[in-house]
Amino acid sequence: ASAVAVGAFAFVARPALVDRTNTLLTAALVARPAPLLPLWASEGAPWSRFERLTFESESKLNRFHSQFAPLLSSVQANESNMLSFAVLLSDEDPLSVLVLERYARSQAYFDGHCTTQAYLDFTPKLDRLQPNSSLSTYNELDIGFYGRNGTDTFTLTDSRLSSAWSLAVELTFSSDAKVTQMLEAIVPLVDYVKKSEPTTLGYKVMRGDKDPLKVMIMERYVDKDDAYLKVHRSSKEFLDFKRTLRELAPEVDGHSFHESP
């Protein structure tokens, strides 16, 4: 059988399917249609990739971390178009992680990251670990911020932030009009968070590049108990936005994570 790389992992294709599979993958990577530009996004806007991996044992999870380290080092040294590259540890399932990748543009993933030797070395190793995987990708909107240190990175630079906690919330709406209403309603909240919540490390809004009815809100806090539960969720701006969101009635899929070093 032949291994065919897709995303950050590989799957095994039966010989009879290899030629057809390679043709489909080539068409997807070379001739895929331009993604829809979401509201408030500009040509060449940053692009994010979220991949949740769940392993069947702690030993496989530990092998993943050790095998991921060389890829991370290579990215830091060689990929200037990679804005953020992080592994977040689920606080819901100890065997799950979220690999979060941010690129200056989507093409930097396909033409840059996926062609590196470090990536090509890593994918078969991840395949052998056989994690369950779910993947989603988004175009970033000009709403919100990733970091307060002026570098717009995801990296923790302060040892006091060892308890940092993140929340990734995907909202799926029933119409484009409801997406527009939601994006308009969240702007006052984002402005308030940036100005008045110093313990909120990041609050970024993005929209699905394949499904424009999906919106992701990526939130980062110094900690869960105080910064998120006490400070963020008690503001008038948050309560106003929550009321509007309830009226728009999206499907909600949220997951929370501890940040790893």
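The chain is numbered in sequence order, starting from 1.
Side-chain contact between Leu129 and Arg63: present, with at least one pair of heavy atoms (C-beta onward) separated by less than 4.5 Å. With a 4.5 Å cut-off on side-chain heavy atoms, Val87 and Leu98 do not count as touching. Proximity of Leu245 to Phe173: side-chain heavy atoms (C-beta onward) are separated by under 4.5 Å at one or more points. Two residues are said to be in side-chain contact when any heavy atoms from C-beta on lie closer than 4.5 Å; Met182 and Ile217 meet this criterion. Val222 is listed as a side-chain neighbour of Leu201, based on a closest heavy-atom distance under 4.5 Å. Looking at heavy atoms from C-beta onward, Ser256 lies in side-chain contact with Leu167 at the 4.5 angstrom threshold. When side chains are defined from C-beta on, Thr116 does not count as touching Asn78, because their heavy atoms never get closer than 4.5 Å. Residues Leu213 and Ser174 form no side-chain contact, since every pair of their non-hydrogen atoms from C-beta on lies 4.5 Å or further apart.
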*asked:* Using the rule given for salt bridge (charged side-chain N to carboxylate O under 4.0 Å, His left out), can you reason through Arg243 versus Glu247, listing the C-alpha separation, both sets of side-chain angles and the distance that settles it, and then say yes or no?
replied: CA-CA 7 Å; Arg243 186 160 43 249; Glu247 294 171 356; 5.8 Å; no

*Output, in order, the C-alpha distance, side-chain angles, deciding distance and verdict of side chain to side chain donor-acceptor pair (under 3.5 Å) for Thr200 and Glu219.*
CA-CA 8 Å; Thr200 299; Glu219 309 172 36; over 6 Å; no

_Applying side-chain contact (heavy atoms from CB on, under 4.5 Å) to Thr244 and Lys242, what does each step give before you reach the verdict?_
CA-CA 5 Å; Thr244 300; Lys242 185 177 180 181; over 6 Å; no

*How far apart are the C-alpha atoms of Phe145 and Lys204, what are their side-chain angles, what is the distance that settles it, and do they pass the side-chain contact (heavy atoms from CB on, under 4.5 Å) test?*
CA-CA 5 Å; Phe145 58 100; Lys204 190 67 178 177; 5.8 Å; no

*Check the pair Val99, Leu53 against side-chain contact (heavy atoms from CB on, under 4.5 Å), reporting the backbone distance first and the verdict last.*
CA-CA 8 Å; Val99 180; Leu53 302 170; 4.0 Å; yes

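A donor-acceptor pair is defined here as one N or O able to donate and one able to accept, closer than 3.5 Å; no such pair exists between the side chain of Lys194 and the backbone of Tyr203. The backbone N or O of Pro70 lies less than 3.5 Å from no partner atom in the side chain of Ser74, so there is not a single donor-acceptor pair. The closest donor-acceptor contact from the side chain of Ser196 to the backbone of Val193 lies at 3.5 Å or more, if one exists at all. Looking only at distances, no side-chain donor or acceptor of Gln181 sits under 3.5 Å from a matching main-chain atom of Leu248.
Of all the heavy atoms in Ala168 and Phe50, the pair that sits closest is CB-CE2, 4.4 Å. Among all heavy-atom pairs drawn from Leu183 and Val205, the shortest one is CD2-CG1, 3.8 Å. Heavy atoms only, all atoms of each residue included: Ala104 and Leu83 are closest at N-CG, 3.8 Å. Between Phe110 and Ser106 the shortest heavy-atom distance is CD1-O, 3.4 Å. When every heavy atom of Val252 is checked against every heavy atom of Val169, the shortest pair comes out as CG1-CG1, 3.9 Å.
One distance of note links CG of Leu100 with CE of Met218; it measures 5.5 Å at 0.5 Å rounding. Distance check: Ser134 OG to Glu51 CD gives 7.5 Å after rounding to the nearest 0.5 Å. Atom OG1 of Thr172 and atom CE of Met216 lie 9.5 Å apart (nearest 0.5 Å). Between the CG atom in Leu141 and the CD1 atom in Ile186 there is a gap of 9.5 Å [rounded to 0.5 Å]. To the nearest 0.5 angstrom, Glu184 atom CD is 9.5 Å from Ile143 atom CD1. Rounded to the nearest 0.5 Å, atoms CG (Leu89) and CG (Leu61) are 8.0 Å apart.
A donor and an acceptor atom, one from each side chain of Glu101 and Ser84, are nowhere located under 3.5 Å apart. Side chains of Lys210 and Thr137: a donor on one and an acceptor on the other come within 3.5 Å. Thr54 and Ser96 share a side-chain donor-acceptor pair at under 3.5 Å. Side-chain atoms of Glu259 and Ser166 form a donor-acceptor pair, as typed in the model, at a separation below 3.5 Å. In summary, the side chains of Glu140 and Ser48 do present a donor paired with an acceptor at a separation below 3.5 Å, with no hydrogens or angles considered.
Annotation: side chain to side chain donor-acceptor pair (under 3.5 Å) contacts of Ser57 (sequence neighbours excluded): Ser59. Judged as a side chain to side chain donor-acceptor pair (under 3.5 Å), and not counting sequence neighbours, Glu251 has no contacts.
When the shell of 6.0 Å around CD of Gln117 is examined, it contains more than 12 heavy atoms from other residues, nucleotides or ligands.
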Solution key, residues 230-237 side-chain donor-acceptor pairs under 3.5 Å, sequence neighbours excluded:
unit_1, atom_1, unit_2, atom_2, d
Lys230, NZ, Asp226, OD1, 3.3
His232, ND1, Glu197, OE1, 3.0
His232, ND1, Glu197, OE2, 3.4
His232, NE2, Tyr221, OH, 3.4
Arg233, NH1, Tyr228, OH, 3.2
Ser234, OG, Lys230, O, 2.7
Ser234, OG, Val231, O, 3.0
Ser235, OG, His232, O, 3.4
Ser235, OG, Phe238, N, 3.1
Lys236, NZ, Asp240, OD2, 2.6

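Between Phe85 and His113, the distance separating the two ring centers is shorter than 6.0 angstrom. A ring-centre distance under 6.0 Å is found for Trp47 and Tyr109.
With a 6.0 Å cutoff to the six-membered ring centre and a 45° limit on the axis angle, Arg102 counts as a cation-pi contact of Tyr146.
A side-chain hydrogen bond (donor to acceptor under 3.5 Å, both in side chains) with Tyr138 is found for one member of Glu170, Lys214, Arg207 and no other, namely Glu170.
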